[in-house]
Amino acid sequence: QVQVVESGGGSVQPGGSLRLSCAASGRIFRINGMGWYRQAPGKQRELVAGITSDGTTNFADSVKGRFTISRDNAKNTVDLQMNNMKPEDTAVYYCLTSTLEAGSRYPYDYWGQGTQVTVSS
């Protein structure tokens, strides 16, 4: 089994910054892609940012230029730095890891429990 735990959510004023962290642990052989998704009330879950094992990144258009994503392959962690935040960034943020467990043939997507981010004045 693989456990994925997020941290760093909270409340911030418009224009402020937050940093989310995610750590995967367990019987990990290799982690392929890692990413952050978010889900606002009444909306579908959407991709915010993703990063491959070689560091290639992609971002939702709504966060380009404001958010950055980084990972530490040795520690199985991925961070999301959110700057110049807007009220529309308010959502529950989820970490996703595409993980190949030790002894398994295929990778599996593991989700964290989610962390609330609120942007409000």
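Quantities reported herein were computed from a predicted structural model and do not represent experimental measurements.
No donor-acceptor distance shorter than 3.5 angstrom exists from the side chain of Arg45 to the backbone of Tyr94, with no hydrogens or angles considered. The backbone N or O of Gly16 sits nowhere less than 3.5 Å from a side-chain atom of Asn84 that would complete a donor-acceptor pair. Between the side chain of Glu101 and the main chain of Gln1, a donor-acceptor pair closer than 3.5 Å is present. Judged purely by atom type and a 3.5 angstrom limit, Glu6 uses its side chain to pair as donor or acceptor with the backbone of Gly114.
Between the OG atom of Ser11 and the CD atom of Gln116 there is a distance of 7.5 Å, given to the nearest 0.5 Å. For the atom pair OG1 (Thr57) and NZ (Lys64), the distance works out to 9.5 Å, reported to the nearest 0.5 Å. Taken from CD1 in Ile51 to OG1 in Thr56, the straight-line distance is 8.0 Å, to the nearest 0.5 Å. Note that CG of Leu47 and CG of Leu96 are 9.0 Å apart. Values are rounded to the nearest 0.5 Å. In this structure, CZ in Arg27 is found 6.5 Å from OG in Ser104, a value given to the nearest 0.5 Å.
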Exercise. Step by step, would you call Cys95 with Val78 a side chain to side chain contact (heavy atoms under 4.5 Å, CB included)?
Worked result: CA-CA 8 Å; Cys95 176; Val78 59; 3.7 Å; yes
For this session: Please report the C-alpha distance between Leu18 and Gln81 in whole Å, then the side-chain angles of each, then the deciding distance to 0.1 Å, and finally whether the side chain to side chain contact (heavy atoms under 4.5 Å, CB included) criterion is met.
Result: CA-CA 6 Å; Leu18 278 177; Gln81 177 67 41; over 6 Å; no
For this session: Determine, step by step, whether Trp36 and Phe67 satisfy the ring pair (Phe, Tyr, Trp, His ring centres under 6.0 Å) criterion, reporting the C-alpha distance in whole Å, the side-chain angles of both residues, the deciding distance to 0.1 Å, and the verdict.
Result: CA-CA 11 Å; Trp36 288 93; Phe67 292 10; over 10 Å; no
Exercise. So Ile28 and Asn76, side chain to side chain contact (heavy atoms under 4.5 Å, CB included) or not? Walk me through it.
Worked result: CA-CA 9 Å; Ile28 297 171; Asn76 294 326; 3.7 Å; yes
Exercise. Please walk me through it: do Leu80 and Val48 pass side chain to side chain contact (heavy atoms under 4.5 Å, CB included)?
Worked result: CA-CA 9 Å; Leu80 183 69; Val48 177; 4.2 Å; yes
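In summary, the side chains of Asn83 and Ser17 do present a donor paired with an acceptor at a separation below 3.5 Å, with no hydrogens or angles considered. For Ser21 and Asp79, the side-chain atoms include at least one donor-acceptor pair closer than 3.5 Å. No side-chain donor from either of Ser120 and Thr118 sits under 3.5 Å from a side-chain acceptor of the other. Remark: the Tyr93 side chain and the Arg38 side chain contain an N/O donor-acceptor pair separated by less than 3.5 Å.
Among all heavy-atom pairs drawn from Ile31 and Arg71, the shortest one is O-NH2, 3.2 Å. Across all their heavy atoms, Val5 and Gln113 have their closest contact at CA-OE1, 3.9 Å.
Cluster annotation: Tyr110 is not connected to Phe29 through the hydrophobic network of ILVMFWY side chains, with a link wherever side-chain heavy atoms come within less than 4.5 Å. Ile69 and Leu20 fall within a single hydrophobic cluster, where Ile, Leu, Val, Met, Phe, Trp and Tyr side chains are chained together by heavy-atom contacts under 4.5 Å.
For the side-chain contact (heavy atoms from CB on, under 4.5 Å) criterion with Pro107, the lone passing option out of Asn32, Thr97, Thr99 is Asn32.
If you look at Tyr106 and Tyr108, their ring centroids are not closer than 6.0 Å.
Heavy-atom contacts from other residues, nucleotides or ligands closer than 6.0 Å to CZ of Arg19 number more than 12.
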